[in-house]
Visitor: 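After the structure tokens below, expect a handful of questions from me.
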Amino acid sequence: MISLKNITVHFGKGTPAFRTALKNISLKIQEGEFVTVIGSNGAGKSTLLNAIAGEFIPDAGHIWIDEEEVTQDSTSTRAKHVARVFQDPVAGTCSHLTIGENLALALCRGKSRSLKRAVTNTSRSAFQNILKPLNLGLENRLDTQMAMLSGGQRQAVSLLMATLSPLKILLLDEHTAALDPKTSRFVMDVTQRIVEEKGLTALMVTHSLSHALQYGTRTIMLHESQLIYDIAGEERKKLTPQDLMHQFGSSIDSDRLLLNT
Ligand SMILES: Nc1ncnc2c1ncn2[C@@H]1O[C@H](COP(=O)(O)OP(=O)(O)OP(=O)(O)O)[C@@H](O)[C@H]1O
Ligand SMILES: [Mg+2]
């Protein structure tokens, strides 16, 4: 479970670039919920995910993971529970290491003292079993450098890496935005499978209104640093991307969001 109470985040205090990125956000996400996050550019979506990951201490408010308050905890402390995948497929993996070495490193996430990138025979077969369900043939390419893979393949491996060691929370920030529509659907399906299989609590930022409704169990919208919409259950199932557009057309940057309905 993730709880945010009255979270406010400012950037550039005391400078002309001063900006309130999150304004008094309160939000409770139950264990196993998969929340899609929408809103126009600059609405505060990435800041919300960064606040949960512990990139900075909010200017006001409190954050809990399960019953534990983590407001003052660093990203490395929270890494025991929280994993992230970003927009850029290159960001989540090490280009000069092989697929196997990347997976071996991923196993060490949240463990500061035992970084090992050695791929043993035991881990080889474990990694092959992890890669097989992707149906990309990567299980036969453990010794291939990550740099040789396409963006979609890399993003699929990033997802596996992010969720390899035990975790509770998965944060996805436009992780399919750099992919073509077919590859994006593929990576989304992998995402949904992993979240369900591992019972993760997930937040996914997307500019695709159809993905926002098609995947996950709940959708929230941010607008000008505030939470302005929160829908789940039967009511959400009936919604179409067009409904979202019509309902919020006046308050969101509709051109930007329409691009990907
Ligand atoms: N590290 C930072 N320093 C200064 N300002 C920042 C920083 N991070 C975000 N901001 C500002 O906070 C606001 C919210 O930014 P954020 O990145 O959360 O938006 P977003 O909803 O993720 O937008 P996008 O859809 O473009 O990714 C923006 O005005 C942005 O310029
Ligand atoms: Mg963003």
Side-chain angles (χ1 to χ4, degrees), residues 1-88 91 110 162 167-175 177 200-207 209 212 216-232 236 244 247-254 256-257:
M1 189 180 68
I2 307 168
S3 304
L4 280 78
K5 190 155 186 239
N6 304 121
I7 292 294
T8 293
V9 174
H10 305 297
F11 289 115
K13 266 175 278 182
T15 74
F18 177 80
R19 178 92 175 86
T20 299
L22 292 178
K23 206 181 290 172
N24 209 24
I25 302 275
S26 291
L27 180 66
K28 197 168 245 185
I29 303 171
Q30 299 299 337
E31 195 177 324
E33 271 194 309
F34 181 173
V35 181
T36 58
V37 184
I38 56 174
S40 48
N41 295 126
K45 305 178 297 299
S46 297
T47 307
L48 176 69
L49 267 57
N50 289 337
I52 294 169
E55 284 287 332
F56 42 72
I57 296 169
D59 294 277
H62 302 270
I63 303 178
W64 291 265
I65 294 179
D66 293 339
E67 302 307 318
E68 190 185 340
E69 177 159 10
V70 297
T71 317
Q72 305 289 327
D73 290 354
S74 65
T75 38
S76 52
T77 307
R78 292 190 214 184
K80 281 186 293 212
H81 307 302
V82 183
R84 296 198 276 174
V85 181
F86 299 96
Q87 179 172 348
D88 180 2
L167 79 153
K168 294 177 182 167
I169 295 165
L170 180 62
L171 304 174
L172 306 158
D173 196 348
E174 298 192 54
H175 71 308
L200 301 176
T201 306
L203 279 100
M204 177 182 83
V205 174
T206 179
H207 280 290
L209 294 185
T217 56
R218 177 176 171 188
T219 298
I220 62 172
M221 180 182 281
L222 293 178
H223 178 62
E224 293 181 353
S225 323
Q226 288 177 296
L227 184 60
I228 62 160
Y229 188 58
D230 188 347
I231 191 165
R236 178 177 180 267
L244 274 186
Q247 202 159 353
F248 297 103
S250 57
S251 58
I252 57 177
D253 177 355
S254 52
R256 178 71 179 92
L257 282 169

Visitor: K168 versus I2: any side-chain heavy-atom pair under 4.5 Å?
Guide: no

Visitor: Please report the shortest heavy-atom distance between M221 and G39, naming the atom on each side.
Guide: CG-CA, 4.3 Å

Visitor: Between S3 and W64, is there a donor-acceptor pair closer than 3.5 Å when you use the side chain of the first and the backbone of the second?
Guide: no

Visitor: Under 3.5 Å, side chain of R78 to main-chain N/O of I52, donor-acceptor pair present?
Guide: yes

Visitor: Checking the side chain of T201 only, and the main-chain atoms of I169 only, is there a donor and an acceptor separated by less than 3.5 Å?
Guide: no

Visitor: Got T206 and I38 here, is their nearest side-chain heavy-atom distance under 4.5 Å?
Guide: yes

Visitor: Grab the two heavy atoms, one from G44 and one from L22, that are nearest each other, plus how far apart they are.
Guide: O-CD2, 3.5 Å

Visitor: Find out whether L222 and I25 are in side-chain contact, i.e. whether some heavy atom of one side chain is under 4.5 Å from a heavy atom of the other.
Guide: yes

Visitor: Determine whether L170 and M204 satisfy the following criterion, side chain to side chain contact (heavy atoms under 4.5 Å, CB included), listing intermediate values before the conclusion.
Guide: CA-CA 8 Å; L170 180 62; M204 177 182 83; over 6 Å; no

Visitor: Using side chain to side chain contact (heavy atoms under 4.5 Å, CB included), reason through D73 and K80 one step at a time and then give a plain yes or no.
Guide: CA-CA 11 Å; D73 290 354; K80 281 186 293 212; over 6 Å; no

Visitor: I want to check something: taking the side chain as every heavy atom from C-beta on, are F18 and K13 in contact at a cut-off of under 4.5 Å?
Guide: yes

Visitor: Tell me, with the steps shown, if L27 and V35 meet side chain to side chain contact (heavy atoms under 4.5 Å, CB included).
Guide: CA-CA 11 Å; L27 180 66; V35 181; 6.0 Å; no

Visitor: Would you compute the distance between atom NE2 of H10 and atom CG of D59 and round it to the nearest 0.5 angstrom?
Guide: 4.5 Å

Visitor: NZ of K23 to CG of L227: how many Å apart, nearest 0.5 Å?
Guide: 13.0 Å

Visitor: Given side chains that start at C-beta, do those of L48 and L203 come closer than 4.5 Å, heavy atoms only?
Guide: yes

Visitor: How far apart are the closest heavy atoms of P58 and I7, and which atoms are they?
Guide: CG-CD1, 3.8 Å

Visitor: Is it the case that the side chain of K45 and the backbone of S40 share a donor-acceptor pair, with hydrogens and angles ignored and the cut-off at 3.5 Å?
Guide: yes

Visitor: Can you tell me how far CG of N50 sits from CG of D173, rounded to the nearest 0.5 angstrom?
Guide: 7.0 Å

Visitor: Between M1 and E67, is there a side-chain heavy-atom distance shorter than 4.5 Å?
Guide: yes

Visitor: Would you compute the distance between atom NE2 of H62 and atom CD of E69 and round it to the nearest 0.5 angstrom?
Guide: 5.5 Å

Visitor: How many angstroms lie between atom CG of N6 and atom CD1 of I63, to the nearest 0.5 angstrom?
Guide: 11.5 Å

Visitor: With heavy-atom distances below 4.5 Å as the criterion, would you say the side chains of N24 and Q226 are in contact?
Guide: no

Visitor: Please report the interatomic distance CZ(F11) to OG1(T47), rounded to the nearest 0.5 Å.
Guide: 4.5 Å

Visitor: Give the C-alpha distance, both sets of side-chain angles, the deciding distance and a yes or no for side chain to side chain contact (heavy atoms under 4.5 Å, CB included) between T75 and R84.
Guide: CA-CA 11 Å; T75 38; R84 296 198 276 174; 4.2 Å; yes

Visitor: With a 6.0 Å cut-off (strictly less than), is the heavy-atom count around CD of E31, excluding the residue itself, greater than 12?
Guide: no

Visitor: If we ignore hydrogens and angles and just use 3.5 Å, is the side chain of S225 paired with the main-chain N or O of T20 as donor and acceptor?
Guide: yes

Visitor: With a 4.5 Å limit on heavy-atom distance, are the side chains of V70 and H81 in contact?
Guide: no

Visitor: May I ask you to decide if F34's main-chain N or O and T217's side chain share a donor-acceptor pair within less than 3.5 Å?
Guide: yes

Visitor: Does D230 come within less than 4.0 Å of R218, counting only side-chain N to carboxylate O?
Guide: yes

Visitor: Please report the closest heavy-atom contact between A53 and V82, naming both atoms and the distance.
Guide: CA-CG1, 4.4 Å

